[in-house]
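Just so it is clear, the model here is predicted, and its values are computed rather than measured. The basis for the numbers below is simple: all heavy atoms, side chains too, and nothing from hydrogens, waters or symmetry mates. First the proteins, then the strands, lettered A, B, ... as listed; each starts at 1.
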There are 2 protein chains.
Amino acid sequence: MSDAAAGTPESPPPSPWERERPVRARVAPAREPLSRERIVEAAFVVLDRSGLDKLSMRQVAAELEVAVSALYAYVRSKDDLLELMYTRLFADFTLPEPDPERWREQVLDYARSWRWLLLSHRDMARISMAHVPFTAELLPYVEALLAIFRTAGLPDRIAAEAGDLISTYIDGFVLEEGMWQDRAAEQAGSGSLARPDWREMADEMQNYFASLPEEDFPHLRALSGSMVTESSDERFDIGLEIILRGLASYLPDREA
Amino acid sequence: MSDAAAGTPESPPPSPWERERPVRARVAPAREPLSRERIVEAAFVVLDRSGLDKLSMRQVAAELEVAVSALYAYVRSKDDLLELMYTRLFADFTLPEPDPERWREQVLDYARSWRWLLLSHRDMARISMAHVPFTAELLPYVEALLAIFRTAGLPDRIAAEAGDLISTYIDGFVLEEGMWQDRAAEQAGSGSLARPDWREMADEMQNYFASLPEEDFPHLRALSGSMVTESSDERFDIGLEIILRGLASYLPDREA
DNA sequence: ATATCTTGATGAACGCCGTTCTCTTGCTGA
DNA sequence: TCAGCAAGAGAACGGCGTTCATCAAGATAT
């Protein structure tokens with residue numbers, strides 16, 4: 001809420017966390033000076049190596065071989081750092097131009113790209129869920145999604161909810177993917193430090209559902225088959241398709 | 001790593017966190033002894049008073065006027081405590097008997113009840129999102145939801161995804177509600193300690209969207225109207241309706 | 001050339017956290 | 001009466017986010 005909405009009427013003395021990397025260093029510096037970018041980069045390294053629960057300011061500082069307090073010259077707080085990471089993820093996101101004829105594919109592309117980005121770093125979905133993407137840098141991406149819905153012809157009430165619905169679905173799906181991955185990883189023991197692939201995940205799910213008593217949970221057991229047959233990508237698309245069909249039903253010229 | 005694989009072949013001495021409240025105390029005890037229930041209850045008090053970020057074992061112990069270490073006789077860890085809180089929330093949840101004729105209303109009831117429970121304690125959606133409801137106590141509730149979908153006639157692939165989709169939607173929606181509430185609360189300052197009502201939330205959203213530049217975000221601004229006009233309950237139902245329409249499109253005898 | 005200012009980074013410190021360990025206390029049953 | 005026991009207390013460990021006084025060294029001014 002701070003900078004974007006309120007504005008800063010008084011002549012702004014540059015807060016330490018807002019200053020840019022100084023332009024000096026005419027000659028090559030012995031060690032590259034700190035910067036917001038380098039801190040975010042290091043944070044991603046720690047995140048991928050150790051996970052969100054172990055991501056601390058101290059670990060990030062250690063990764064940069066720097067004192068913890070030095071970070072606070074570029075970053076307001078840990079939460080600020082997480083928000084920078086979240087924002088940075090959006091940087092690799094290409095916005096589609098709304099085209100009423102192809103709104104379904106555009107939403108599909110949007111969702112798949114976003115999921116792909118979330119999967120590119122460990123626990124990223126957890127970070128994503130913790131932030132409403134309503135900061136100044138992220139608004140264009142929300143706007144673009146809503147543009148697709150509105151130019152497709154959806155009523156405003158529906159388009160507004162559809163944005164939330166799709167975003168929530170993506171985050172939630174990837175979040176759950178991550179949980180199954182962690183489960184599979186810890187069941188495999190410390191031997192497999194690499195992230196488990198889909199096969200291991202499916203095995204873990206299979207084992208779990210197979211262990212349920214048949215008479216108490218007939219539906220869960222019956223559906224476990226579908227969950228293992230389908231890959232994560234297929235399951236993701238199925239959920240999207242459900243939403244898209246729901247949305248299409250609000251279109252005036254709906255197809256069968 | 002070694003314990004998990006090895007199992008525990010020796011006759012298990014009851015772990016301290018598994019023991020029941022001792023039956024003694026024939027006469028009324030000066031102070032009621034500790035128990036898992038009392039701890040969970042105190043945790044809810046702290047949660048509602050201070051929020052999830054401030055919910056610590058120490059605060060819970062203080063609420064019970066007890067040493068921190070005493071808690072660990074009944075609870076394995078803080079995460080275990082959170083899971084107990086989550087499970088306990090489900091206790092007030094009544095399960096519907098699947099009825100193919102009324103599957104839509106049943107899903108609506110299910111979702112509304114669950115949202116209502118999530119709203120009954122501060123930050124509960126955050127706790128909910130952090131746990132897949134696949135513990136033994138919670139499985140019946142998942143099973144019941146899937147039962148509704150399957151007896152309604154949905155294909156297995158769809159029913160399986162629908163379960164995730166609906167659950168994710170509920171959690172995500174309430175999560176976002178909480179974020180707007182927090183925003184409104186902190187904007188109102190420390191004066192209003194009570195949780196902000198819907199009117200304040202809507203005002204906060206209204207202000208936010210009105211502050212956006214018209215030319216850059218025409219769709220966001222256009223849709224902000226819908227978000228303020230509709231109450232949270234109405235918006236929740238709209239999202240549900242989108243999903244339900246999508247699901248209905250997979251039914252053999254689908255209505256127009 | 002010398003003195004002053006500025007700035008990026010340091011290291012210690014504060015208060016809080018989850019968790020574990022040892023010790024006390026007061027009751028139970030023989 | 002007294003050993004045994006279990007519930008709870010208290011201190012301690014290592015880690016956390018954050019702040020603050022300090023420092024070293026380059027830039028600037030005299």
Side-chain angles (χ1 to χ4, degrees), chain A residues 13-39 42-43 46-47 50-85 127 130, chain B residues 3 13-39 42-43 46-47 49-85 127 130:
Chain A
S15 308
W17 53 80
E18 283 176 350
R19 77 189 141 199
E20 293 301 316
R21 184 224 301 228
V23 215
R24 71 180 156 98
R26 316 281 157 92
V27 290
R31 264 189 19 215
E32 194 177 359
L34 231 38
S35 67
R36 278 229 258 332
E37 285 80 34
R38 286 195 65 215
I39 292 176
V46 175
L47 179 68
S50 317
L52 180 59
D53 294 325
K54 296 281 177 55
L55 173 59
S56 67
M57 298 300 271
R58 288 176 147 90
Q59 293 298 316
V60 174
E63 178 67 27
L64 291 164
E65 291 177 300
V66 122
V68 211
S69 50
L71 304 180
Y72 286 87
Y74 300 88
V75 153
R76 242 187 299 252
S77 64
K78 182 186 180 180
D79 209 69
D80 190 35
L81 174 54
L82 290 178
E83 192 161 310
L84 287 174
M85 298 172 74
I127 298 179
Chain B
D3 336 71
S15 309
W17 54 79
E18 284 176 349
R19 75 188 146 201
E20 293 300 316
R21 184 221 301 224
V23 217
R24 73 181 156 96
R26 315 283 159 90
V27 289
R31 268 197 6 223
E32 193 177 0
L34 232 37
S35 67
R36 276 226 260 333
E37 285 80 37
R38 285 195 64 216
I39 293 175
V46 175
L47 179 70
R49 185 203 304 131
S50 316
L52 181 57
D53 293 324
K54 296 281 178 57
L55 172 60
S56 67
M57 299 300 272
R58 287 175 147 91
Q59 292 299 316
V60 174
E63 179 66 29
L64 291 163
E65 290 176 302
V66 122
V68 209
S69 51
L71 304 180
Y72 286 87
Y74 301 89
V75 154
R76 239 188 302 251
S77 64
K78 182 186 178 180
D79 207 70
D80 190 35
L81 174 55
L82 290 178
E83 192 160 309
L84 288 175
M85 297 171 76
I127 298 179

How many whole angstroms separate atom [atom1] of [X] from atom [atom2] of [N]?
X        : N       : atom1 : atom2 : value
Ile39(B) : dT19(C) : CD1   : P     : 13 Å
Arg76(B) : dT20(C) : CZ    : P     : 12 Å
Tyr72(A) : dT10(C) : OH    : C1'   : 15 Å
Leu71(B) : dA7(D)  : CG    : C1'   : 12 Å
Asp53(B) : dC16(D) : CG    : P     : 18 Å

Q. Does any donor-acceptor pair link the side chain of Ser69(B) with the base of dG8(D) at a separation under 3.5 Å?
A.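 No pair found.
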Q. What's the closest nucleotide to the Val66(B) side chain, out of dA9(D), dA7(D), dC20(D)?
A.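 Nearest nucleotide to the side chain: dA9(D).
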Q) Does OP1 or OP2 of dA7(D) have a side-chain N or O of Tyr74(B) closer than 4.0 Å? A)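 Answer no for this pair, as no side-chain N or O of Tyr74(B) is under 4.0 Å from OP1 or OP2.
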Q | Taking every non-hydrogen atom, the tightest pair across Ala42(B) and Val60(B) | A |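 The answer is CB-CG1, 4.1 Å.
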Q | Between CD on residue Glu63(B) and CG on residue Leu47(B), distance to nearest 0.5 Å | A |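 If we round to the nearest 0.5 Å, Glu63(B):CD and Leu47(B):CG are 12.0 Å apart.
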Q. Can you tell me how far CG of Leu71(A) sits from CD1 of Ile39(A), rounded to the nearest 0.5 angstrom?
A.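 With rounding to 0.5 Å, CD1 (Ile39(A)) is 4.5 Å from CG (Leu71(A)).
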Restricting both atoms to N or O, compile the protein contacts to nucleotides 14-17 of chain C shorter than 3.5 Å, with distance only.
unit_1  : atom_1 : unit_2   : atom_2 : d
dC17(C) : OP1    : Ser56(B) : OG     : 2.9

**Q.** DNA chain C: 5'-proximal contact among Val68(A) and Ser77(B) (nearest heavy atom)
**A.**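 First, find each residue's nearest nucleotide; the 5'-ward one identifies Val68(A).
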Q | Residues which pass side-chain contact (heavy atoms from CB on, under 4.5 Å) with Ser69(B), listed by chain and number, not counting sequence neighbours | A | Ala67(B)
Q. Checking Lys54(A) side chain against Gln59(A) main chain: does a donor-acceptor pair fall under 3.5 Å?
A.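 Absent.
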Q.
According to salt bridge (charged side-chain N to carboxylate O under 4.0 Å, His left out), who are the partners of Arg58(B), at least two apart in sequence or on a separate chain?
A.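 In terms of salt bridge (charged side-chain N to carboxylate O under 4.0 Å, His left out), with neighbours along the sequence ignored, Arg58(B) is linked to no residue.
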